[in-house]
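Chain A is the first sequence line, chain B the second, and so forth, proteins listed ahead of strands; every chain is numbered from 1.
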Number of protein chains: 2
Amino acid sequence: MTPAIAPDIAVARSHTAKRLSVLDAAARVFCREGFTGANIDLIAAEAGVSRQTVYNHHGDKENLLVAVVREITERINAGVFETLATFPDKPVDLELELIEFAVRLNQNCMCNRDGKFLRKLLQTEGERYPDLFAGWREHGPAKTWAALAARFARLALSGWLDLDDPDVAARQFLALVNADLQMALIFGDTVSEEQLRTATTNAVRCFLRAYGKPRPV
Amino acid sequence: MTPAIAPDIAVARSHTAKRLSVLDAAARVFCREGFTGANIDLIAAEAGVSRQTVYNHHGDKENLLVAVVREITERINAGVFETLATFPDKPVDLELELIEFAVRLNQNCMCNRDGKFLRKLLQTEGERYPDLFAGWREHGPAKTWAALAARFARLALSGWLDLDDPDVAARQFLALVNADLQMALIFGDTVSEEQLRTATTNAVRCFLRAYGKPRPV
DNA sequence: ATATTTTTAGACAGACTTGTCCAAATCGTC
DNA sequence: GACGATTTGGACAAGTCTGTCTAAAAATAT
């Protein structure tokens, strides 16, 4: 049994393990030091791997950055998609459920490690390597906004919200949700669960004051 | 006449001119390349000055970064203060005047060169040199928020707004005003006058839907 | 016109990086 | 135990960058 694939799998596993370890360390170091300041020796050391292995896996330093960005954007997109699926389409207590949803959004997409990495890499290398993030830029936020806008539009149809422009409302929702977290996000501070809850509560209350309607029958 | 001060003034002028030229070029290069990636030769060339002059004026590369950050934060603070003074304390048409105010805020503080530089430097070097921005962090946003909150509180007292927490409202106002500009700001794109106007209009409309009251007598 | 300060260009040592090469060691499979 | 692939540590050349030093040039004040 498992006549010819077992070796490949085993090899692939250790291979992949090291590959991921390198990507992980590279993400950390690139974010801390920036692309120019990142040191391949340091990345290798943090990955628990020899420098030659880094070169074996990814070739170039620039190539390594590309791989890191691809990895992170994929994970981020997956997280966003997954969280969007938990939107309260048929709410009972809209305020409460929107707060829960926004908390999830922040935890899974903005405040976690990947979110921090993407934000920082975007900021530090976005202008120098525009191609790197072109894909994310086009498919990432635009799709998120559109998906969220569609949900809000449906809530408006079922009488929960009073919206002029669902797209604008979606962007405003996201902006409000981050209003109290801006500083922490910029400085890389960790946000406590409680901070996140009150920030999100403030945001949803404001959003519903602007666009909410009394509970429909 | 001008017996003993004239020389000092003249020297100071050229001295200061070169000093500013260096700071300006350094700000550009630091923002483009990050601290580690910034090249003193390049800064000198962009400033139209010899490298030795850079060292004469600011000593260290790290020292130069400190000087740049100090310069920019001072200019930003001045701009914020100046713009806050134009807040519509006694509005006639609140929506219109808040929009005008928010447009000024964005143009003078967020979307101009200094705003872009501060944001980027903060993002790229904020974690590595926390002391650098400690002063700004403490006195910058906190003061802005407080000042804006005080204005909103006064509007609430005079019957224009219905606020629970003026501080939260102030942060939300700023967040809303930037909602549609996020992507452009991150990628360093220039925002057109028209983009800025519609973004700001959307923001103020939402803010007033949440917190506005019919015009008081 | 002269004296003083500032600026300039270039050379320089020391340190650090990247990317390559190679022989020895390690690992998992047959 | 033997085999093939992968990993390792170290050495290496080529390049870059910082910060210092020097003597000449330019600018400025008296």
Show the distances under 3.5 angstrom between N or O atoms of the protein and N or O atoms of nucleotides 24-27 of chain D.
none

I'd like a table of atom pairs between the protein and nucleotides 21-27 of chain C - only N or O on both sides, under 3.5 Å - with the distance next to each one.
unit_1  : atom_1 : unit_2   : atom_2 : d
dC21(C) : N4     : Gln52(A) : OE1    : 2.6

Could I get a table of every N or O pair under 3.5 Å where one atom is in the protein and the other is in nucleotides 14-17 of chain C?
unit_1  : atom_1 : unit_2   : atom_2 : d
dT17(C) : OP1    : Asn39(A) : ND2    : 3.0
dT17(C) : OP2    : Asn39(A) : ND2    : 3.2
dT17(C) : O5'    : Asn39(A) : ND2    : 3.1

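The end-to-end axis angle of the helix from dA1(C)-dT30(D) to dC30(C)-dG1(D), rounded to 10 degrees and based on five pairs per end, is 30°.
Taking a 6.0 Å sphere around CZ of Arg128(A), one finds it holds more than 12 heavy atoms contributed by other residues, nucleotides or ligands.
Nearest heavy-atom pair across Leu155(A) and Pro88(A) is CD2-O, 3.9 Å. In terms of heavy atoms, Asn202(B) sits closest to Gln172(A) at O-NE2, 3.1 Å.
With ring centers used as reference points, Phe152(A) lies 6.0 Å or more from Tyr211(A).
The side-chain contact (heavy atoms from CB on, under 4.5 Å) with Thr144(A) is formed by just one residue from the set Thr83(A), Val80(A), Leu105(A); it is Val80(A). Considering Leu132(A), Val29(A), Leu121(A) in turn, Leu121(A) is the only one that fulfils the side-chain contact (heavy atoms from CB on, under 4.5 Å) rule with Val68(A).
When each of dT20(C), dA9(C), dT8(D) is scored by its nearest atom to the side-chain atoms of Lys18(A), the top-ranked nucleotide is dT8(D). When distances run from any side-chain atom of Arg51(B) to the nucleotides dT7(D), dT18(D), dT8(C), the shortest one goes to dT18(D). Among dT8(D), dG19(D), dT8(C), the nucleotide with an atom closest to any side-chain atom of Asn56(B) is dT8(C).
One interatomic measurement links the two molecules: OH of Tyr55(A) to P of dT8(D), which rounds to 15 Å at whole-angstrom precision. What separates CZ of Arg19(B) from C1' of dT7(C) is a distance of 17 Å, to the nearest Å. In this structure, Glu33(A) places its CD atom 11 Å from P of dT18(C), rounding to the nearest Å. Whole-Å rounding puts the Leu42(B) CG to dT16(D) C1' distance at 13 Å. Atom-to-atom, CD1 of Ile43(A) to C1' of dG19(C) comes out at 14 Å; the value is rounded to the nearest Å. Taking atom CG of Leu65(A) as the reference point, atom C1' of dT18(C) lies 15 Å away to the nearest angstrom.
A salt bridge is defined here as a Lys NZ or Arg NE, NH1 or NH2 lying under 4.0 Å from an Asp or Glu carboxylate O, and Arg113(A) with Asp24(A) meets this definition. Taking a cutoff of 4.0 Å between a charged side-chain nitrogen and a carboxylate oxygen, Glu71(B) and Arg75(B) qualify as a salt bridge. One finds a salt bridge joining Arg205(A) and Glu95(A) here, because a Lys/Arg side-chain nitrogen approaches an Asp/Glu carboxylate oxygen to under 4.0 Å.
Of the side-chain N and O atoms in Thr53(B), none sit less than 4.0 angstrom from OP1 or OP2 of dT6(C). Regarding contacts with the backbone of dT6(D), every side-chain N or O of His57(A) stays at 4.0 angstrom or more from both OP1 and OP2.
Of the possible polar contacts, none joining the Thr124(A) side chain to the Thr124(B) backbone as a donor-acceptor pair under 3.5 Å is found. Without hydrogens or angle criteria, Lys61(A) side chain to Phe35(A) main chain gives a donor-acceptor distance under 3.5 Å. Of the possible polar contacts, one joining the Asn112(B) side chain to the Gly115(B) backbone as a donor-acceptor pair under 3.5 Å is found.
Take Asp41(B) and apply the side chain to side chain donor-acceptor pair (under 3.5 Å) test, not counting sequence neighbours, and it matches Arg51(B).
Sorted by first and then second residue, the pairs that involve residues 45-70 of chain B and meet ring-ring contact (aromatic ring centres under 6.0 Å, His included), not counting sequence neighbours, are His15(B)-His57(B).
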